[in-house]
Amino acid sequence: MTPKPALSVPGIAYGGDYNPEQWPEEVWAEDMRLMREAGVTMVSVGIFAWALLEPAEGVYDFARMDRLLDLLHENGIAADLATPTAAPPTWFFRAHSESLPVDRDGRRLSYGSRQTFCPSSPAYREAALRIAGALAERYAEHPAVVMWHVHNEYGCHNPACYCEASAESFRRWLRAKYGDDLAALNDAWGTTFWSQWYYDWAEILPPRATAAGPNPTQLLDWRRFCSDELLSLYKAERDVLRAAAPAIPATTNFMVMRGADKMDYWRWAPELDVVANDHYLMYDDPEPEIDVALNGDLMRSLAGGPWFLMEHSTGALNWQHVNRAKGPGELRRNALAHVAHGADGIAYFQWRQSKAGAEQWHSAMVPHAGTDSQIWRDVVQLGADLKALAEVRGSTGTASVAIVWDWEARWALEAPAQPSAEVRFEGLVRDWYEPLWRAGVAVDFVRPGARLEGYRLVLVPSLYLVDDEGAANLTGFAQRGGTLAVGFHSGAVDANCHVRLGGYPGAFREALGIRSDEYFPLPAGETLGLSGGGTASLWSERLRLEGAEAVASYTEGPLADVPAVTRHSYGEGAAWYLATRPDPATLASLLTRIRTEAGVEPVRAAPEGVEVVRRRSPAADYLFLIDHSGDGARIAVAEDAVELLTGRPAPGSVTLAPGGIAVVREPRRG
Ligand code: GLA
């Protein structure tokens with residue numbers, strides 16, 4: 001395999017989306033001065049500029065982009081040049097109204113916003129590749145251009161379209177998947193149920209609105225198709241750009257953050273030269289720093305090393321119910337936490353806060369108030385911080401714990417007509433991640449079929465669907481001496497969403513040494529006591545030991561004395577089952593016990609509320625210490641350590657101010 005082209009911007013790149021077309025050109029000169037003041041090294045340009053770049057079909061106006069790229073180059077700022085295909089111009093839709101997407105209810109949407117196009121539209125694909133080709137041809141050699149920013153957040157607003165062109169494309173995808181064998185599809189989808197048997201490929205539809213619930217396998221295949229369909233658009237644009245400029249890396253920005261479940265990024269990540277993410281804090285998350293960490297670890301795992309934070313916010317957003325500003329020091333803690341979890345570039349949406357348009361109330365690096373503002377002071381400070389961290393680039397995390405994360409299992413679990421609609425994939429993963437984060441234990445995320453050598457502990461908080469290979473891989477890990485912990489309702493169905501018969505949790509029954517014959521989900525707010533203390537919520541099941549031992553049982557209710565947590569010595573290793581959702585303190589102590597038994601230690605001892613993350617290079621460990629407690633702390637480090645943000649030696653210890661951050665370099669020995 002030829003190595004992927006890498007980003008040529010040195011150190012930790014710093015910048016944001018730059019949309020100067022919103023401003024008169026006099027403002028551009030000020031932008032350059034301020035970017036230099038803040039230490040900005042790269043900006044993403046042209047993301048939503050299609051209407052200006054191609055005012056009419058096949059007619060281009062590159063004059064403004066020429067001036068912009070030249071100006072950036074003169075100022076030593078690199079450009080991440082976007083293909084503007086997330087926002088087709090009005091003229092395109094007037095000529096191709098069939099490219100407007102249709103929702104589940106058969107309603108065709110209108111132009112007048114962004115990303116309102118059908119991913120399967122041939123006219124859209126043709127127009128997108130045309131503008132991408134024109135940009136590539138014109139700017140492949142421009143010295144400012146260091147990366148292609150393909151499209152923007154694929155599937156953010158249009159993850160699925162239910163029109164006839166989409167139906168046709170779905171059928172093509174299904175024919176390829178099922179080898180043109182309709183009987184195989186009928187079998188996989190279980191179409192004998194509710195008289196859904198298909199006699200002709202032409203009968204198959206997207207899961208459009210129906211009076212009763214959808215077929216779960218059809219729905220799952222549809223979600224797989226929707227992810228692949230947008231991925232094929234990405235690949236088509238990337239290939240056009242690559243043909244013109246093979247040395248310039250291509251990226252697109254993922255949405256790996258709370259609530260985003262639209263694409264299967266395990267399938268996307270290998271197609272990107274630079275794996276990038278957009279991350280925003282949710283206003284109702286009491287500890288959003290945990291979400292930053294979790295998603296950073298997931299990104300590092302998707303990328304297989306450092307990744308790029310393409311967007312986050314300096315302050316309030318404009319798309320939540322209430323848009324919270326950031327507290328003192330939070331901008332810095334957020335950005336440096338992304339670096340701690342593997343980001344080699346830090347960027348914002350957007351450079352200058354808009355005065356008009358749909359996002360005029362979204363924060364930016366240069367706020368409405370101008371430079372006499374807290375945000376601007378923080379932005380300048382961050383530029384200096386990132387400069388001081390240049391040597392961290394390329395280093396990455398190492399972990400002995402892997403958490404299984406699988407989009408297909410999530411989609412299947414969250415489809416309608418499950419035992420409980422209260423069971424949500426992301427909440428369960430976060431439940432298990434939190435105590436590890438609090439303890440300063442490093443984790444990677446993996447797919448069920450990933451190579452697991454090198455891990456001591458594999459956690460499976462929720463894996464409703466798993467294929468046979470994935471299941472064998474996970475149980476084999478325990479058999480060969482690893483410690484495996486599995487959450488309830490995992491292993492229940494195969495890759496076609498068919499229940500694994502004979503008792504729950506299907507695929508993991510034997511390795512876990514247990515068997516359940518019935519699920520007893522608990523309504524929200526209901527809890528059951530656990531022997532040994534603590535409570536259980538969300539789920540319970542009538543479980544029988546078949547080789548495992550009970551670690552905790554229910555003390556009340558219809559399942560009194562039935563095991564709720566079990567441990568099974570399996571092969572050379574151990575396999576734990578959590579048949580319920582223990583309260584946070586009980587889960588934390590269980591996970592401490594499980595990881596201690598597996599020989600997993602925190603990166604470094606630190607007081608509660610101090611996040612500790614390590615990046616490692618061949619020569620040094622970089623210890624990121626972030627105080628979220630507001631109390632400050634003193635932490636032991638090596639005698640020859642240096643704190644990079646201040647540039648001062650930190651012989652033996654480093655002191656964190658309340659809400660403060662230190663990044664400590666410790667030379668590696670031996
Ligand atoms: C997304 C988009 C940006 C902007 C931000 C606002 O991440 O990519 O264009 O709309 O959201 O938070």
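Note that the structure is a prediction, hence the values are computed from the model and not measured. Atoms within each ligand, like the ligands themselves, are counted from 1 in listed order.
Looking at E359 against ligand 1, only its side chain comes within 4.0 Å, counting heavy atoms. Contact annotation for Q350 and ligand 1: no heavy atom of the residue comes within less than 4.0 Å of the ligand. Using a 4.0 Å cut-off between heavy atoms, R114 contacts ligand 1 through its side chain alone, with no backbone atom that close.
Between the side chains of H279 and D291, at least one donor N or O lies within less than 3.5 Å of an accepting N or O. Donor-acceptor pairing under 3.5 Å is lacking for the side chains of Q360 and S354. Between S227 and W268, the side chains place a donor N or O and an acceptor N or O closer than 3.5 Å (distance only, hydrogens not considered).
For the pair E21 and R64, the salt-bridge criterion is not met [side-chain N within less than 4.0 Å of a carboxylate O]. Between D261 and R223 there is a salt bridge, with a side-chain nitrogen of the basic residue lying less than 4.0 Å from a carboxylate oxygen of the acidic one. R267 and D228 are joined by a salt bridge, as a carboxylate oxygen and a charged side-chain nitrogen come within less than 4.0 angstrom of each other. Under 4.0 Å is where a charged nitrogen must lie from a carboxylate oxygen, and between D285 and R430 at least one such pair does.
With respect to atom 6 (C) of ligand 1, the closest heavy atom belonging to the protein is H362 NE2, 3.1 Å. Atom 11 (O) of ligand 1 has its closest protein heavy atom at E311 OE1, 3.7 Å.
Residue D17 has no N or O atom closer than 3.5 Å to an N or O atom of ligand 1.
Applying the 4.0 Å criterion to heavy atoms of F48 picks out, from ligand 1, the atoms 9 (O). Every atom of ligand 1 with a heavy atom of D278 under 4.0 Å away is listed here by number and element: 7 (O), 8 (O). In the vicinity of N152, heavy-atom distances shorter than 4.0 Å reach the ligand 1 atoms 2 (C), 8 (O), 9 (O). In the vicinity of E153, heavy-atom distances shorter than 4.0 Å reach the ligand 1 atoms 1 (C), 2 (C), 7 (O), 8 (O).
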